[in-house]
Structure formats: structure tokens, C-alpha cells
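Note that this is a predicted model, so its numbers are computed, not measured. Naming: A, B, ... by sequence-line order, numbering from 1 per chain.
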Amino acid sequence: MVSYMGQKLLLNLPDKDLEKIELLVNSGEYTTKTELIRFAVKQFLYSQERMKTLEELTEKLQKQVRTNNIRKGDIKKEVNEVKKETKKMIEKIRKCK
Amino acid sequence: MEETTPGNRKPMILLIDTNVLYSALVYKGLENRVLFSENYIFITTEFTIMEIFKLLRIKRGLSRNDALTLIKSLPILMVNYEFIKNKWNEANELIGYRDRSDIPLVALALSIKDHDGIWSSDSDFIVIRHKFKIWKTRELI
């Protein structure tokens, strides 16, 4: 779905599902089909399983950061260091163009 | 661009930058609340994801497996370079002179018509605020 975002998106859905979509929009449950699709994407992204995994791993990270007393300023420095590498990569892209 | 607020029903589409995403992962602060709020659909580029992967591996010492699992579980859609490359030069003109590493996210903002803005704490994005809404974390709570 991502690679077609911003363009027209063709979804081959069974008639039954299309009818359901029309029904949900016509009944006022969703104001537009776009709204319905946004909700469907959101539901997929925030599935219980995904969120559980993410919470477990971020808790681990947060504990580590707390224990080592890593402050916001340190985090900013870390991001800047990594961004330096991105800049180099972007420079390579510019040269290849 | 449609101006919406977090209270609105339709989930907002926000383009997420590395600084706020990393902060959301390592602190249980405001950024974390926004990321887990389920109010938004986040989109970013493979450049941001690559940066997060490096930060998790090198700076936080996560195993490759854990870093990949964490990235896969993020509630974020990722686009690759191919998706944004047509807007690359325009993005470069807009922000390249401030910070080249912001080009991918601006190219993404130019590539997607129906988004609601960029979520970042990076002050360099100030130069594109005439084109896109730049959200501060507090505005999204």
C-alpha cells in the first residue's frame, strides 16, 4: 500500500467487502472511504501483538537509559552522530545523480 | 493541507523524524505517549529507519534480532528511496542548505499529497513551515 500512497490506489476487493464499505460510509459510521481506509491502516499498525512486542522492547531500552542516567542532551548527540553518516550517504546519492 | 487536531475522528497522517521517534523509544515521556496514542498514522523513510537501527544497535547495544524486531513492530509505515526520489531535488532546494540529512523527510512530505504535517523537534524544519505544518510534541498530546 505504501508504494502507491499519494497516487490513485486500486484495491481488488470482493463485492461483499465493497458492499460493507459502502454501507459503513452511507450509514455515517465513516464520513468517507478515505477515512475508513485510514482507520483500517491504523488498526493494522496498532495491532495488539505489535504493540505488546514494542512495549516489551522499549521498556528494556528505557530501563537501560534510566540506569545509565542518559539525558536528553546525550540522546540528541547520538542522533546527530548518526545523521552525519546519513549526510555522507546523501552526498553519495547526489554524486551518483 | 487539511488542518486537523488530535481530537478529530479521522486519524492524522504524520511524517515522523528520527529525533522524536528515538526519544519515544528510549524515554517514557511525551513522545512515547504520542507514539502509543493510536491517534495517528505515522510514515517515514528508510533513511529514518536506518538511523534508528544504527542507534539501537550501536548506541543502545541491542542485538541485531531485537533491533529488527523492534523496528518491525513500530506503528509506522516506511517508504523507500524510489518513492521519494522524484521530489529529491526540490527537497534539496528547500532544506539541503540547512541540513542535508533532512532531505528525505522533506522529499516524503512533497511526495504525499494527503498528509497532515511533519512531527519533529529539529529546528531546521522552520524553513519549510510555509509549506507544511511542523508539529511539536506538545501539540499532539
Value for CZ (B:Arg60) from CG (A:Asn68), rounded to nearest 0.5 Å, stands at 7.5 Å
**Asked** Counting only N and O atoms by type, is there a donor-acceptor contact under 3.5 Å from the side chain of B:Glu46 to the main-chain atoms of B:Tyr81?
**Response** yes
Establish, from distance only, whether the side-chain atoms of A:Glu78 and B:Tyr22 form a donor-acceptor pair under 3.5 Å. yes
Cut-off 4.5 Å, heavy atoms of chain A, and the answer for B:Ala67 is neither
Assert top hit (heavy-atom pairs under 4.5 Å, partner chain A, pool B:Ile58, B:Asn92, B:Asp99) equals B:Asp99
The interface call for A:Thr34 against chain B, heavy-atom contacts under 4.5 Å, is side chain
Honestly, the part of A:Glu56 sitting under 4.5 Å from a heavy atom of chain B is neither
Report yes or no: is the cationic atom of A:Arg50 (NZ for Lys, CZ for Arg) closer than 6.0 Å to the six-membered ring centre of A:Phe44, at no more than 45° off its axis?
yes
Most contact-rich option vs chain A, by heavy-atom pairs under 4.5 angstrom, among B:Ile76, B:Ile71, B:Asp66, B:Asn19, is B:Asp66
Counting heavy-atom pairs under 4.5 angstrom with chain B, the leader among A:Lys76, A:Met89, A:Lys72, A:Met51 is A:Lys72
Cut-off 4.5 Å, heavy atoms of chain A, and the answer for B:Ile52 is neither
CG (B:Leu25) and CD1 (A:Ile75) are apart, to the nearest 0.5 Å, by 10.0 Å
When B:Phe42, B:Phe125, B:Trp135 are each screened for ring pair (Phe, Tyr, Trp, His ring centres under 6.0 Å) with B:Trp119, the one that passes is B:Phe42
Okay, A:Lys60 and chain B: the region with an atom under 4.5 Å from a heavy atom over there is side chain
From the list B:Leu74, B:Thr69, B:Ile103, the residue making the most non-hydrogen contacts under 4.5 Å with chain A is B:Leu74
If one checks every heavy atom of A:Leu36 against chain B at 4.5 Å, the contacting part turns out to be neither
Within the 6.0 Å centroid threshold, strictly below: B:Phe47 and B:Trp88 = yes
Nearest heavy-atom contact between A:Ile90 and B:Pro104 is CD1-CD, 3.6 Å
When the 4.5 angstrom heavy-atom criterion is applied to A:Gln64 and chain B, the contacting part is side chain
Greatest number of non-hydrogen atom pairs under 4.5 angstrom with chain A, of B:Leu55, B:Asn32, B:Asp102, B:Leu56, falls to B:Leu55
